Amino acid sequence: MTLLITGGAGFIGSHVVRLFVQRYPHYRIVNLDALTYAGNLANLRDIEQAPNYTFVRGDIRDAILLDNLFEEYSFDAVIHLAAESHVDRSISHPLTFVETNVIGTVNLLNAALKHWEGRFDGKRFYHVSTDEVYGSLGSEGYFTEESPYDPRSPYSASKAASDHFVRAYFHTYGLPIVLSNCSNNYGPYQFPEKLIPLMINNIREGRPLPVYGDGRNVRDWLWVIDHAEAVDTILHRGRVGETYNIGGNNEWANIDLVKFLCDLTDELLGRSPGTARQLITFVKDRPGHDRRYAIDASKIRRELGWKPSMPFEVGLRTTIQWYLENTEWLQYVISGEYRVYYEKHYGNL
Ligand code: NAD
Ligand code: DAU
């Protein structure tokens, strides 16, 4: 099996790459990543020398590069994670999200189609997507695979469009696709623009903790390695043409989660209880802020036997500990210094 993983230097992608490289020594794994601000090869330092692993710096917006890559490696399968992933950035720069998430995905579909056409047996194009495509829930109910699409942010609109294209290539050309839509991931190596690492870092530095709106927006949180396990399960055993929802069955209002993070971080830093909570600051709401996400993950559990394994408090403690111990990683990522370093090494690839 020769496997192309896109976006493997990002948060979720790096956990997926690590899992596949370690679990399948007989697979050849090619990680294609543009190393945007969100991609960081330091996320993969422990496996970068593995004999079954290759990194290629490249952009999915570049159709010619993708064509050449498929020619060179004859991929059997693709796990497509590369994306612009941050909702707040999509509000200020929507077009970047169209270019990478929509056009980049169509470029990848075209490359797979061209190189696999007439030889679809054993091939698989796996598109990793988000629960945000389903829009926003009230206080009741869950997103199922049949929930209508109702994206509200430029990010979710771009992911919804990419999902539609992936399904269109299945129906129109017979491309063997599979999709998953997952809830909020947390764990090590997440870029500190996202809620959990941002809060941990601000607590550490004694800076204000910006909670959007009234803080009552609800998210479902999943340990990132549980997501990587689900990706493995779906790649190998998911039914072609199907979509699987993935979730942690673990809903939290933002303000409750931030308070929990404050208390755990105080404890791990040896500070007196209540110190971090004083930093909580309510700020202007995110425009179009989805109120609640919640996933019905019964299909993947019933059909493929996957379920989340990490208890939330254990996962959160592990995550906080990781950020507190990896300040060098954090500084690199925040300062952009790591980009200069990697530019030197990969600038001409
Ligand atoms: P991330 O922002 O941490 O990583 C994205 C990666 O894609 C980075 O390494 C970046 O360099 C790369 N990339 C961006 N644009 C590229 C381009 N044009 N060409 C090649 N590489 C490019 O994102 P993440 O949080 O790890 O999310 C990964 C995927 O999972 C995304 O498709 C996202 O929509 C989806 N997802 C994320 C979550 C979550 O909670 N983070 C939940 C559900 C689904
Ligand atoms: O649901 C899956 C999605 O989860 C993924 O598709 C996205 O890629 C990922 O970024 C994430 O989107 P969210 O918008 O839910 O994640 P974020 O960490 O940005 O915000 C989580 C919640 O916390 C959301 O309700 C907004 C709020 N928030 C966020 C930040 C960064 C704050 O209150 N303050 C903040 O400073």
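All values below come from the heavy atoms of this structure, side chains included, with hydrogens, waters and symmetry mates left out. Start at 1 with the first residue, then count along the sequence. Predicted model, so just to flag it, every value in this text is computed and none were measured.
Under the 3.5 Å distance criterion, with hydrogens and angles disregarded, no donor-acceptor pair is assigned to the side chains of Lys159 and Ser85. Checked by atom type, the side-chain pair Tyr53/Asn31 shows a donor-acceptor distance below 3.5 Å. Looking only at atom types and distance, the side chain of Trp223 has no donor-acceptor partner in the side chain of Asn185 under 3.5 Å away. Side chains of His115 and Asp67: a donor-acceptor N/O pair is present below 3.5 angstrom, by distance only. Residues Ser309 and Asp226 have side chains that bring a donor and an acceptor to within less than 3.5 angstrom of each other. Defined by atom type and a distance below 3.5 Å, a donor-acceptor pair is present between the side-chain atoms of Asp163 and Ser129. When only modelled atom types and interatomic distance are considered, His80 and Thr105 share a side-chain donor-acceptor pair under 3.5 Å. Arg286 and Ser153 form no side-chain donor-acceptor contact under 3.5 Å, judged by distance and modelled atom types alone. There is no side-chain donor-acceptor pair under 3.5 Å between Thr54 and Tyr73.
Counting only distance, with no hydrogens or angles, the side chain of Asp76 and the backbone of Thr2 share a donor-acceptor pair below 3.5 Å. Although no hydrogens or angles enter the test, the distance criterion places a donor-acceptor pair under 3.5 Å between the side chain of Asn107 and the main chain of Ile60. Distance alone, capped at 3.5 Å, places no donor-acceptor pair between the Asn245 side chain and the Ile295 backbone.
Ion pairing of Asp263 with Arg277 is present here, as a side-chain N (NZ or NE/NH1/NH2) and a carboxylate O approach within less than 4.0 Å. Salt bridge status for Arg23 with Asp232: present, with a side-chain N to carboxylate O gap under 4.0 Å. Contact check on Arg239 versus Glu303 returns a salt bridge, with a Lys/Arg side-chain nitrogen under 4.0 Å from an Asp/Glu carboxylate oxygen. Under the 4.0 Å criterion applied to side-chain N and carboxylate O atoms, Asp256 and Arg216 are assigned as salt-bridge partners.
Tyr126 approaches Ile246 most closely through the heavy-atom pair OH-CD1, 4.4 Å. Taking both residues in full, the closest heavy atoms of Val21 and Asn52 are given as O-ND2, 3.0 Å, listed atom of the first, atom of the second, then distance.
Remark: Glu328 CD is loosely packed, at most 12 non-hydrogen atoms of other residues, nucleotides or ligands lying under 6.0 Å away. The environment of CZ in Phe165 is sparse: at most 12 heavy-atom neighbours from other residues, nucleotides or ligands sit within 6.0 Å. Counting heavy atoms of neighbouring residues, nucleotides and ligands inside a 6.0 Å radius, atom CG of Asp266 exceeds 12 of them.
With sequence neighbours left out, the salt bridge (Lys or Arg N to Asp or Glu O under 4.0 Å) criterion links Lys299 to Glu242. The salt bridge (Lys or Arg N to Asp or Glu O under 4.0 Å) test applied to Asp214 returns Arg291, not counting sequence neighbours. Arg28 is linked by a salt bridge (Lys or Arg N to Asp or Glu O under 4.0 Å) to nothing, counting only residues two or more places apart in sequence or in another chain.
Aromatic ring centres of His93 and Tyr155: separated by at least 6.0 Å. A distance of 6.0 Å or more separates the ring centres of Phe125 and Tyr169. Side-chain rings of Trp252 and Phe260 approach one another, their centers coming within less than 6.0 Å. Taking the six-membered ring for Trp and the full ring otherwise, the centers of Tyr189 and Trp322 sit less than 6.0 Å from each other. The six-membered or imidazole ring of Phe191 lies away from that of His86, with a centre-to-centre distance of 6.0 Å or more.
Annotation: cation-pi pair Arg292/Tyr142 present, NZ/CZ under 6.0 Å from the ring centroid and within 45° of its normal. Both cation-pi conditions hold for Arg89 and Tyr37: the charged atom is under 6.0 angstrom from the six-membered ring centre and inside a 45 degree cone around its axis. Taking the centre and axis of the six-membered ring of Tyr293, the NZ or CZ atom of Arg219 falls inside the cone set by 45° and 6.0 Å.
Atom OH of Tyr173 sits about 7.0 Å away from atom CG of Asn110, to the nearest 0.5 Å. Rounding to the nearest 0.5 Å places SG of Cys182 at 11.0 Å from CD of Glu132. For the atom pair Tyr244 OH and Trp306 CH2, the distance stands at 13.5 Å (nearest 0.5 Å).
Classified by interplanar angle (parallel below 30°, tilted 30° to 60°, perpendicular above 60°), the ring pair Tyr149/His164 is tilted. Ring-plane geometry between His236 and Phe20 is classed as parallel, the angle between the planes falling under 30 degrees on a 0 to 90 degree scale with a further cut at 60.
In this structure, Asn184 and Asp220 have side chains that are not in contact, with every pair of non-hydrogen atoms separated by 4.5 Å or more.
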